[in-house]
There are 2 protein chains.
Amino acid sequence: MSKLLIVGTVAFDAIETPFGKTDKILGGAGTYIALSASQFDVESGIVSVVGDDFPQEYLDLLTDRNVNLEGLEIVKGGKTFFWSGRYHNDMNSRDTLDTQLNVLAEFSPVVPKDYINSDIVMLGNLHPAVQLSVIDQVENPKLIVLDTMNFWMDSELDLLKQVIAKVDVITINDEEARQLSGEYSLVKAARKIRDMGPDYVVIKKGEHGALLFHNEEMFFAPALPLEEVFDPTGAGDTFAGGFVGYLANTKDTSFENMKNAVIYGSNLASFCVEKFGTEKMLELDKDEVDQRLESFQALTQFEINLA
Amino acid sequence: MSKLLIVGTVAFDAIETPFGKTDKILGGAGTYIALSASQFDVESGIVSVVGDDFPQEYLDLLTDRNVNLEGLEIVKGGKTFFWSGRYHNDMNSRDTLDTQLNVLAEFSPVVPKDYINSDIVMLGNLHPAVQLSVIDQVENPKLIVLDTMNFWMDSELDLLKQVIAKVDVITINDEEARQLSGEYSLVKAARKIRDMGPDYVVIKKGEHGALLFHNEEMFFAPALPLEEVFDPTGAGDTFAGGFVGYLANTKDTSFENMKNAVIYGSNLASFCVEKFGTEKMLELDKDEVDQRLESFQALTQFEINLA
């Protein structure tokens with residue numbers, strides 16, 4: 001079984017969408033990645049930090065799904081990272097209402113001894129300095145996958161570029177790819193980003209799917225068109241968790257297998273948005289996941305015989 | 001060989017994009033549809049109108065591609081329909097700078113005797129009264145495909161709904177689908193539009209691909225990610241022309257075959273946007289079309305073995 005190391009926030013979120021609002025609920029990139037990856041038979045551990053205000057019940061949700069929490073620091077007297085946001089009517093954009101870094105402000109990640117030899121390292125969206133520190137602590141991973149966002153491009157570009165230079169796969173959204181590369185065409189943007197280091201570039205387009213670029217090859221996975229998108233929070237992280245979970249489970253990091261990983265990631269992300277926060281991911285069963293994979297096949301597969 | 005009747009404008013366009021601008025060049029929905037459908041071995045005829053200012057050279061371009069022009073009325077002393085537009089930097093939106101209906105204002109379509117028994121009727125974007133008149137003239141077509149736009153929803157909704165009730169397939173873009181149905185979710189929008197008449201709904205999402213809906217089934221064709229989009233004019237019509245051209249050529253209007261038709265339409269549309277106006281469509285050769293179809297396959301096809 002492959003070992004998967006996940007780095008990312010474990011947090012409280014408060015979310016408003018046109019369909020309703022929540023109080024502080026379980027959130028964070030690390031949480032979504034871990035829950036999504038736990039759909040696969042993998043040995044995963046998370047490196048993150050919370051305060052001692054973080055409920056045992058949430059920790060149990062993760063350990064119940066075989067997520068190793070040895071690398072999750074619990075700061076005595078500290079408060080857990082909190083994010084609050086409001087989605088606009090089209091669900092494609094949101095305003096951040098509040099961000100309280102709390103224990104995250106001083107976080108110095110320590111990779112547990114058992115995870116120093118991880119096969120796959122998933123660097124969820126976090127300060128690039130934290131991501132760099134984790135890269136320095138692991139030994140010869142087969143694959144390092146980076147997720148990041150425009151916030152770090154605006155505030156820590158030099159450091160972020162150091163991280164980008166050291167990873168195999170980067171996942172970012174279309175606007176961020178354009179910002180990072182200075183190119184409008186996503187084909188050109190992906191090429192420029194590959195020149196910065198990663199062999200594989202995944203460009204997430206939200207409801208418009210995701211593109212995987214490698215050398216001069218491209219692969220595209222649509223997002224499943226849904227009756228209702230309830231809350232987009234965590235969809236990108238769920239995608240990333242499904243992507244690395246599938247790769248870790250199959251122990252195959254070839255481009256061909258990454259196509260499947262992109263499909264699995266898209267499939268899991270399609271569930272995430274159907275309920276508030278992590279709710280849907282916590283109740284998912286294998287049958288419904290497999291059934292929807294069949295919908296993905298029906299959605300995209302065709303047979304044309306070229307003369 | 002199937003007979004394909006095309007109704008749509010044959011026009012002059014003047015186009016501005018961030019890459020340059022043109023004088024009056026060959027344009028019009030009917031023109032793009034006919035050029036695209038002519039990639040297939042079909043017997044196609046066009047019903048439209050021009051003034052006697054329309055150059056013989058342009059007419060020859062169509063007849064050279066076996067497009068029957070018997071139904072193209074040439075109004076003595078009349079001026080051809082003229083449209084001028086300017087695309088914004090992202091190429092996803094445009095301003096109309098000028099529209100001169102000219103001979104189109106009084107157009108009363110006459111379907112040539114040989115095309116009254118057409119197998120497939122493609123109603124390109126035009127006044128719904130013209131589309132209705134053509135539907136009334138043809139006898140028992142196997143398939144009627146309608147393309148329309150928000151302009152007619154704003155100005156002639158009742159008449160447009162009469163047309164929609166009589167067609168088998170409707171192709172519109174995502175914003176128009178939302179406007180017509182009052183639903184934001186495209187899944188719900190397609191269902192409501194099917195309730196208005198058409199068994200098949202194609203929702204065009206420009207650079208984000210196209211969705212085909214039928215009963216509770218969906219199929220998705222991505223747009224091929226391109227290095228450069230030079231001029232989006234005519235892409236939707238080229239898509240429609242490829243769609244009906246393929247169906248007419250294969251004489252199979254099943255949902256399974258429509259999936260292929262959507263792929264062929266997307267493939268041809270990907271060429272259309274690479275040069276100004278009809279330029280690229282006029283120089284296309286079969287090898288390059290087939291090669292790009294292979295790119296479409298590589299872009300979307302994957303193999304997952306579900307347990």
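Chain naming here is simple, since letters A, B, ... match the order of the sequence lines and numbering starts at 1 in each.
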In terms of side-chain geometry, is the basic nitrogen of [X] or [Y] positioned less than 4.0 Å from the acidic oxygen of its partner?
X: A:R194; Y: A:E216; result: yes
X: A:D147; Y: A:K204; result: yes
X: A:K286; Y: A:D290; result: yes
X: A:R191; Y: A:E183; result: no

Measure distances from [X] to the heavy atoms of chain B and classify the residue's part below 4.5 Å as side chain, backbone, both or neither.
X: A:I263; answer: side chain
X: A:F219; answer: both
X: A:E217; answer: neither
X: A:L226; answer: backbone

Tell me, out of A:H208, A:K205, A:K188, who's got the most heavy-atom pairs with chain B below 4.5 Å. A:H208
Counting heavy-atom pairs under 4.5 Å with chain B, which one of A:M218, A:E227, A:K259 comes out on top? A:E227
Is there a donor-acceptor contact under 3.5 Å linking the side chains of B:N66 and B:E43? no
At a 4.5 Å cut-off on heavy atoms, which part of B:F220 comes close to chain A: side chain, backbone, both, or neither? both
Set out, in order, the CA-CA distance, both residues' side-chain angles and the distance that settles salt bridge (charged side-chain N to carboxylate O under 4.0 Å, His left out) for A:K280 and A:E288, then state yes or no. CA-CA 11 Å; A:K280 184 71 191 178; A:E288 106 189 279; 3.2 Å; yes
Can you tell which of B:N260, B:L186, B:L212, B:L211 has the highest number of heavy-atom pairs within less than 4.5 Å of chain A? B:N260
